[in-house]
Each structure stands twice: as structure tokens, then as C-alpha cells.
Engineer: 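The structure that follows is given in the form of C-alpha cells.
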Protein chains: 2
Amino acid sequence: MRTKEFNEDEALEKAMQLFWLKGYNGTSMQDLLDGLGLSRSTLYRAYIDKHSLFLKALGHYQQFSSSEIKKVINEGDTAKETVKKLLEFIAEVVVQDQQHKGCFMLNSEIELSLHDKVVHDMVVNSDQDIEDVFYHVLTKGQKRGEISKAEDARAMAKFFLNTAKGIRATAKSNPDKKVFKDIIALAIKALN
Amino acid sequence: MRTKEFNEDEALEKAMQLFWLKGYNGTSMQDLLDGLGLSRSTLYRAYIDKHSLFLKALGHYQQFSSSEIKKVINEGDTAKETVKKLLEFIAEVVVQDQQHKGCFMLNSEIELSLHDKVVHDMVVNSDQDIEDVFYHVLTKGQKRGEISKAEDARAMAKFFLNTAKGIRATAKSNPDKKVFKDIIALAIKALN
DNA sequence: TTGTTTTGGGAATGATTGTTCCCAAAAGAT
DNA sequence: ATCTTTTGGGAACAATCATTCCCAAAACAA
């Protein structure tokens, strides 16, 4: 038996970068062949077709970015500080990227969720995932008495998710760290 | 001389709807020929090529949507109410659309602004335009003493623009009027 | 009528799309 | 050595892509 020569994870990572940068329709199979450095035969045998490869790449992104965000949950002494850290982290990620690719999940939502049921469901789940992170921190803060119980924690979680999506959208054409910092400071006022 | 038979504005409107629904790369010239009901010769003579037609359609959208928003400036008795009306209007527009096309400018930002300088500039200008609407209302409110001068009006304007973009993004996969209402109510708290 | 201009039909372009297939080379296992 | 499996090269596919072109029909002005 011949051992596998190409690293599947490495190839998937490269595919993700390409789809992330140029979108689904903007990325051709030729782009992928060149980018991954694989032959047609190998690529099709490994990933079936373009659409399957895309879904796998998007799933890979979701797994990674979700776990990264959850690392931030334990940062900050108070719930309010943690919410701020979460938003700052989300902003930092898109600002740091020299290519301004934005958020791959948001990009896919805009480009495909209307006509691709699978992508649509992944987007909804991804949003719910982030919303739940905020919700978890907020309810904990309410129990501790750090955050008023006057406002519904679920509504606040949706609000912060919305702020995050705004930042991620703007990151495509106007990634400005200082502006995002101001936006986050104002968003945090919703906790007063 | 033979009089022009096809209505240019009507055709442009149809082209805008198509690009809006399926994106630039997702819309083929054949889609446009079928959708506009024009012959190849006529379409190319009138609009030069696909990219030019797209830019014209996006410009048409920008003109229309900008003027619609500015109609709301005079609604509401206080600045705070006007800001709320502005956000509610932006949410209402995307929620009403049965097709969930979202915001054409935001869609184009995500799909093209990275690789298309003209689109990028249009997006930046469009964002600035909306930001300025908020800024105008906010500074007026500050002069009237309705809004605290502790916060920078420019920062607040960027914050509300960000909230609007979040709503417009989410409208693609999750247009929920009630959720948007909650989000807007919390965003308004930034004015306290 | 003649002339001018607009439109549509349709053929033709060359490039690119995603995908399938065959076969030889490579690399390890036996 | 043979066997098995993985990989790459490259041809081939039909479909679609954006675009150009020619010409006849249509509609108005003179």
C-alpha cells in the first residue's frame, strides 16, 4: 500500500483561504488546483466536487472560529468586561487580517444562504452559537448582580451578536481598529 | 428616426433586482437577457458590458435608498426618536422584502469590494452617507440638549451605522421583525 | 417613397466552467 | 520480486461564460 502523500488538513486549510478570499462563485476549480497544488484526479477523489469541498471548508472555519471565541469566555473579571473582550476579540481578528477577508461565515451568508439550504443552516447555527456565548456570560452576570435583570438576557445577546456582525461586515471595506473600539464602548452601554 | 422602444429605467430596475438577488458572479448575461426581455444587441449597445451594467444598477440602488432614508430625518419629535425611526425604517425595508435580498450595497461590499475598486469606493461613500445622516440628527439633538454631549456624535453615528449593517446582514438568513425591534431598543440606550 | 435609426434573431467567437476518465509513475507492503 | 494503492498528467467532455457581429425587420421622419 502506498501511504497518502498530501496532507488533507493542509489542503482543506488552503481551500478555506481561497473560498474565504474570493467567495464560492469567485473561486474556480482551476484556482483550487493551483492553490492546493493537487492534480485534478486527487482533488476530486478526495473532495467529490466543488460544492462539497466548499462545505467542508466552511465547516472547518466554523469549528476553528467557534473554539477561538469560546476561549475568551473566561477573560475579564466581570460579565461586562467579558462581553467587551468578546467584541474586541471579534474585531481584532478581522482587523489583523492583512487581506481584509472579513468573516467567512458572514461572506457565505451574504453570497449563498438565500439559495443554498445547507449554507443557510450553517449560518443560522453559527449565529446561534455566538449568541449563546453572549447569553451564557450575560445570565451569569445577572446572577452575580453585575448586570441589571431589567433587560432580557436573550435580547441583549442578540444585540451583541448584531454588533459583532456589523463589525465583521464593515471589516471588508473599512477595517479601522479605533472606530471598532468606539463602537464597542457604545454597545457596552446597553448593559447600564 | 425610430423611437426608442424599451424603457431604460425599467430595464435598469430589472437588472438591479437580478444582481441584488443573485449577486454579480451569480447573475449571467443570459439571466439578464431573459429578465430584461432584451436582445443581446440592444443590451450591449445600451450598457456596454456586464460590469458597467452592474455599476449602473448599484448606483441606481444607492440613489434610491439614500433618498428614502433621508425622508425619515424629519420624523420623530426628538433626536432620539428620529434615530429610532431611522433604524426601524432600515429594518422594515429588509424585513418586508419577501425575497430576503438584504441590502444590495452590503451584498456588493461582501462580494466585490475587496477586488473591485469602484465598488469599494461606492460602498465607502454609501456608508459615509448613512453615517452623516445619523451625525446630523445627533448633533442637532445635542444642540437642543436632548442628547448628552459627553459622547462624541461622530462615534455615535458610526455605532448606529454599525447596528444598521448588522441588521442588514442578518436579514439575509434571519429577518425577524421582533428581534430587530429588541436590538434597536438596546442600541438606543447608547444615547443615555 | 426614401432615408434614418432602433431593435431582435441568431450565428459565431474564444475562453472558462466543473467534471470524468485513462494510464503511467511512484511508493510502500508482501 | 509482485501486489496494492495513491498520485499526477493530460486529454476530453459538454455546458456555460461574456462578447461581437451581421442582417433583416420595424418604426418613425422627411
Side-chain angles (χ1 to χ4, degrees), chain A residues 1-60 107-108 111-112 114-119, chain B residues 1-60 107-108 111-112 114-119:
Chain A
M1 209 212 297
R2 176 181 178 179
T3 48
K4 272 200 172 185
E5 276 191 13
F6 85 96
N7 187 328
E8 280 213 42
D9 291 338
E10 214 171 278
L12 189 60
E13 173 71 25
K14 286 179 185 169
M16 182 189 75
Q17 290 289 334
L18 276 173
F19 281 129
W20 191 354
L21 179 66
K22 315 212 291 171
Y24 180 77
N25 286 313
T27 307
S28 70
M29 284 305 283
Q30 194 57 51
D31 291 335
L32 291 161
L33 291 172
D34 298 343
L36 310 202
L38 296 178
S39 67
R40 259 178 199 75
S41 346
T42 308
L43 197 151
Y44 274 97
R45 202 175 303 117
Y47 301 105
I48 305 174
D49 57 20
K50 185 186 176 184
H51 190 250
S52 300
L53 174 55
F54 177 83
L55 293 182
K56 205 159 187 172
L58 187 57
H60 179 68
N107 297 354
S108 304
E111 185 186 5
L112 304 171
L114 224 57
H115 309 96
D116 191 317
K117 175 97 176 85
V118 182
V119 171
Chain B
M1 210 214 296
R2 180 180 175 177
T3 47
K4 274 200 173 185
E5 275 191 12
F6 85 97
N7 187 326
E8 279 213 44
D9 292 338
E10 216 172 275
L12 190 60
E13 173 72 25
K14 285 179 185 170
M16 181 189 75
Q17 290 288 333
L18 277 173
F19 281 129
W20 192 355
L21 179 65
K22 315 214 288 170
Y24 180 76
N25 286 314
T27 307
S28 70
M29 283 304 282
Q30 193 58 52
D31 290 336
L32 290 162
L33 291 172
D34 297 344
L36 310 203
L38 296 178
S39 68
R40 251 179 271 283
S41 346
T42 307
L43 196 152
Y44 274 97
R45 201 176 305 114
Y47 301 106
I48 305 175
D49 57 22
K50 186 186 177 184
H51 190 249
S52 301
L53 175 53
F54 176 83
L55 293 181
K56 207 160 186 173
L58 187 57
H60 179 68
N107 297 354
S108 304
E111 186 186 7
L112 305 171
L114 224 55
H115 309 96
D116 191 317
K117 175 98 176 84
V118 183
V119 171

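Chain letters run A, B, ... following the sequence lines, proteins first and then strands; every chain starts at 1.
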Engineer: Let me confirm one number: the CG-NE2 distance from Leu55(B) to His60(B), rounded to the nearest 0.5 Å.
Structural biologist: 14.5 Å
Engineer: Rounded to the Å, how far apart are Met29(B) CE and dT17(C) P?
Structural biologist: 18 Å
Engineer: What is the distance, to the nearest angstrom, from the CG atom on Asp49(A) to the P atom on dC13(D)?
Structural biologist: 22 Å
Engineer: Tell me, please, whether Tyr24(B) has Lys50(B) positioned over its six-membered ring: NZ or CZ under 6.0 Å from the ring centre and within 45 degrees of its axis?
Structural biologist: yes
Engineer: Can you identify which nucleotide, out of dT19(C), dA18(D), dG10(C), has its nearest atom closest to the Arg40(A) side chain?
Structural biologist: dT19(C)
Engineer: Please report the distance, rounded to the nearest Å, between NZ in Lys50(A) and P in dT19(C).
Structural biologist: 8 Å
Engineer: Between dC17(D) atom C1' and Asn25(A) atom CG, what is the distance in whole Å?
Structural biologist: 13 Å
Engineer: Between Tyr44(A) and Gly37(B), who's closer to the 5' end of DNA chain C by nearest nucleotide?
Structural biologist: Gly37(B)
Engineer: Could you summarise the pairing of DNA chain D as dot-bracket text, marking Watson-Crick and G-U pairs under 3.5 Å with ( ) or [ ] inside the strand and | across strands?
Structural biologist: .|||||||||||.|||..||||||||||||
Engineer: Round to the nearest Å and state the distance from Gln30(A) atom CD to dT19(C) atom P.
Structural biologist: 13 Å
Engineer: Could you check whether any side-chain heavy atom of His115(A) comes within less than 4.5 Å of a side-chain heavy atom of Leu21(B), counting everything from C-beta outward?
Structural biologist: yes
Engineer: Do Phe54(B) and Ser108(B) have side-chain heavy atoms sitting under 4.5 Å apart?
Structural biologist: yes
Engineer: Of all the heavy-atom pairs spanning His51(A) and Asp116(A), show the shortest one and how long it is.
Structural biologist: NE2-OD2, 2.6 Å
Engineer: What nucleotide among dC22(C), dA11(C), dG9(C) has an atom nearest to a side-chain atom of Ser41(A)?
Structural biologist: dC22(C)
Engineer: Is there a donor on the side chain of Arg45(A) or the base of dT6(D) sitting less than 3.5 Å from an acceptor on the other?
Structural biologist: no
Engineer: Output the rounded distance in Å from CG (Leu38(B)) to P (dG8(C)).
Structural biologist: 6 Å
Engineer: Which nucleotide in the set dG18(C), dT7(C), dT19(D) lies at the smallest distance from any side-chain heavy atom of Ser39(B)?
Structural biologist: dT7(C)
Engineer: Starting at CG of Asn7(A) and ending at P of dT7(D), how long is that distance when rounded to a whole Å?
Structural biologist: 11 Å
Engineer: Short question: side chain of Glu111(A), backbone of Gly23(B) - any donor-acceptor pair under 3.5 Å?
Structural biologist: no
Engineer: Kindly say if Thr42(B) contacts the phosphate of dT7(C), meaning a side-chain N or O under 4.0 Å from OP1 or OP2.
Structural biologist: no
Engineer: What is the distance, rounded to the nearest whole Å, between atom CD1 of Ile48(A) and atom P of dG18(C)?
Structural biologist: 17 Å
Engineer: Does dC17(D) have OP1 or OP2 sitting under 4.0 Å from an N or O in the side chain of Ser28(B)?
Structural biologist: yes
Engineer: Should Leu112(A) and Asn107(A) count as side-chain neighbours, where that means a heavy-atom distance under 4.5 Å?
Structural biologist: no
